[in-house]
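Letters go in sequence order (proteins before strands), and every chain restarts at 1. All values derive from a computational prediction rather than experimental measurement.
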Amino acid sequence: MIQFDNVNKRYPGGHEALSGVSFHIQSGEMAFLTGHSGAGKSSLLKLIALIERSSRGQVFIDGQNLSRLKSRHIPYLRRKIGIVFQSHSLLLDRTVFDNVALPLIIAGYHPSEVGRRVRAALDKVGLLNRDKAYPITLSGGEQQRVGIARAVVNRPPLLLADEPTGNLDPELSKEIMGLFEEFNRVGVSVLIATHDHDLISRLDHRLLTLSGGRLTHDGRTTELAVSA
Amino acid sequence: MKRSARKSRTRPIKPEARGKSQKPRGRINAYFTHHLWVLVSSLGQLWRTPLSTLMTAAVIGIALALPAGLHVLLSNVQQLSSGWEGSAQVSLFIKQDVSEKHIQSLANTLRDWDGVTEVHYISREQALAEFRELSGFGDALDSLTENPLPAVLVLQPTLAQAEPASMSRLLERLRQLDAVDQAQLDMEWVRRLNGIIDVGKRSALLLGTLLALAILLVVGNTIRLTIYARREEIIITKLIGATNAFIRRPFLYTGFWYGLMGAVTAWLLVSGFLGLLRTPVSQLSFLYDSQFRLGGLDFITSLFLLLSGVLLGLAGSWLAVGRHLQAIEPT
Ligand SMILES: Nc1ncnc2c1ncn2[C@@H]1O[C@H](COP(=O)(O)OP(=O)(O)OP(=O)(O)O)[C@@H](O)[C@H]1O
Ligand SMILES: [Mg+2]
């Protein structure tokens, strides 16, 4: 599903955020990405969603070589990827329902289909009764769940999340991770950047560790519990 | 990703990002529903900031009303002067060797012509007498052995003949008559007035072009500000997979609404002004013993006004969107 071949990312300032990164995440796999602040986690996710392009090396998503993808095809790539952002990135002047419906409207779904799918997604994250609320009236955890509902509403085969539990309490964080695992169980590939070692050490998934832009370790989250 | 590895896995959740599973008709329906929704919601957006919307519409309205009003006034003057053209006369100078009897019968024939209401015969003798009286060259004329003046038939064309084109066609027909030496239309001053009207119309066109440019800039700038105010939203929608066309759409419709509102404002302004002028113009034309009534905005002009407003609004927003949307990318 995600394949990196010796990928480098150098930002215009000359800073090399990623160097020589290679890995392969299978379709249907769930993996975590960890590393110190500035290690390059966000940069790596941005390469996948083509928010940034690699300076060297190649990135394949679902067999598609991203360095060959023309700009006008980027929207269609992004529709295959559900992205959960670090900050919530909800449209504050639209209701929860409208926020979650946006990916479907963008993809040109029929209104009746939109309603059905939005309700299903909201139900999944336990916010079915808040569909008419505005994002500001929701708690941080609820907003994050709206973001997740929006990311999965058009059933993308790949789900990316950048610090999805960044500012949530441990209880809520566990709940959110549980949601991601649920989506993974129905076949969605999931890649989550986080530095919440406590949380992920209790799960059993693949773990990629970045340090100074290099992939320094490729193992399991369970190893964290041992080393801790 | 190795092909074999991918094939061996069945994906319980199919990627449906492009809605491939939907029937084509459903997609087309959804497309129009979406356009309609954007059309209405962009109006809703404008409604939420009524003051700035009204001001923009007013600026566009005034800019459109100026050339449109000028055009309507000039058309009225033209209407008026073409009425005068109808009162113009055609003088037919008859060849010297044509007999009096022949001229009389020619006069009778001409009275039956379509574009002619009246024919007045001035014989050579009458012409001479008239000339003698008016010029004061009596003595000089006495020394002439022969009357140098031709007989004249004065024609009064019908009102329908007032159009320059049909008028010149009538003149052409008259010139081809054997007995006629010259056919002369006595309307130099009407020609001059028409020339002045033409200059006026050309000025209105130039003014219109300039103001159209101003409208493009006003709409473009307004849309540019809206784009920057909604920067966050644009970035988020791009990240969720919106195409540029999708993001452009609400701004284009906003431009459309500005143009339409501006055009309606212009229509109301021009109609209002003409309404205010109508009574004094009627009084004036009464003093001149005329039936003239100030004409308003006709259907074609109104349609043209509406279309140019809408097109300018669309073009202005298109320019702004083309220049500023591309620059907003997620980072
Ligand atoms: N747009 C940019 N321009 C220049 N340098 C950047 C840019 N984005 C990130 N960087 C640099 O690249 C490096 C990696 O940044 P990145 O955001 O990927 O780290 P991270 O692992 O996500 O960190 P954090 O855990 O703090 O979010 C950092 O040193 C950062 O300063
Ligand atoms: Mg980061």
Colleague: Sort B/Leu239 into side chain, backbone, both or neither according to what part of it lies under 4.5 angstrom from a heavy atom of chain A.
Modeller: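 Backbone plus side chain of B/Leu239, per the 4.5 Å heavy-atom cut-off to chain A.
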
Colleague: Looking at B/Ile247, B/Thr237, B/Thr243, which one forms a side-chain contact (heavy atoms from CB on, under 4.5 Å) with A/Ile106?
Modeller: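 That would be B/Thr237; it is the only one of B/Ile247, B/Thr237, B/Thr243 passing the side-chain contact (heavy atoms from CB on, under 4.5 Å) with A/Ile106.
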
Colleague: Step through the shown structure and confirm whether more than 12 heavy atoms of other residues, nucleotides or ligands are within 6.0 Å of CZ on A/Arg206.
Modeller: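 Yes - once you tally the heavy atoms of other residues, nucleotides and ligands closer than 6.0 Å, there are more than 12.
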
Colleague: Can you tell me if CZ on A/Phe23 sees more than 12 non-hydrogen neighbours from other groups inside 6.0 Å?
Modeller: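 Yes.
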
Colleague: How many angstroms lie between atom CG of A/Asp93 and atom CD of B/Glu233, to the nearest 0.5 angstrom?
Modeller: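 A/Asp93 CG to B/Glu233 CD: 5.5 Å, rounded to 0.5 Å.
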
Colleague: To the nearest 0.5 Å, what is the distance between CZ (A/Arg94) and CD1 (B/Ile236)?
Modeller: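 Output value for this atom pair is 9.5 Å.
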
Colleague: More than 12 foreign heavy atoms under 6.0 Å from NZ of B/Lys201: is that the case here?
Modeller: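 Enclosed: over 12 neighbouring heavy atoms sit under 6.0 Å from NZ of B/Lys201.
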
Colleague: Less than 4.5 Å to any heavy atom of chain B: does that hold for the side chain of A/Arg72, its backbone, both, or neither?
Modeller: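 For A/Arg72, neither part sits under 4.5 Å from chain B.
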
Colleague: Is A/Arg53 atom CZ crowded by more than 12 heavy atoms from other residues, nucleotides or ligands, each under 6.0 Å away?
Modeller: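 For A/Arg53, atom CZ is crowded (more than 12 foreign heavy atoms under 6.0 Å).
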
Colleague: Looking at B/Lys238, is its backbone amide N or carbonyl O close enough to the side chain of A/Arg78 to form a donor-acceptor pair, meaning the two atoms are under 3.5 Å apart?
Modeller: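 Yes, A/Arg78 side chain to B/Lys238 backbone: donor-acceptor pair under 3.5 Å.
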
Colleague: Can you tell which part of B/Thr33 gets under 4.5 Å to a heavy atom of chain A, answering side chain, backbone, both or neither?
Modeller: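 Side chain of B/Thr33 only, per the 4.5 Å heavy-atom cut-off to chain A.
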
Colleague: Do A/Ile74 and B/Glu329 make a side-chain contact, defined as non-hydrogen atoms from C-beta onward lying under 4.5 Å apart?
Modeller: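 Not touching, per the 4.5 Å side-chain cut-off.
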
Colleague: Would you say B/Tyr228 has more than 12 foreign heavy atoms packed within less than 6.0 Å of its OH?
Modeller: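 Atom OH in B/Tyr228 is crowded, with more than 12 foreign heavy atoms closer than 6.0 Å.
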
Colleague: Checking heavy atoms, do the side chain of A/Ile105, its backbone, both or neither come under 4.5 Å from chain B?
Modeller: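 Both the backbone and the side chain of A/Ile105 come within 4.5 Å of chain B.
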
Colleague: For A/Leu91 and B/Arg230, what are the C-alpha separation, side-chain angles and deciding distance, and is it a side-chain contact (heavy atoms from CB on, under 4.5 Å)?
Modeller: CA-CA 10 Å; A/Leu91 302 183; B/Arg230 292 166 67 183; over 6 Å; no

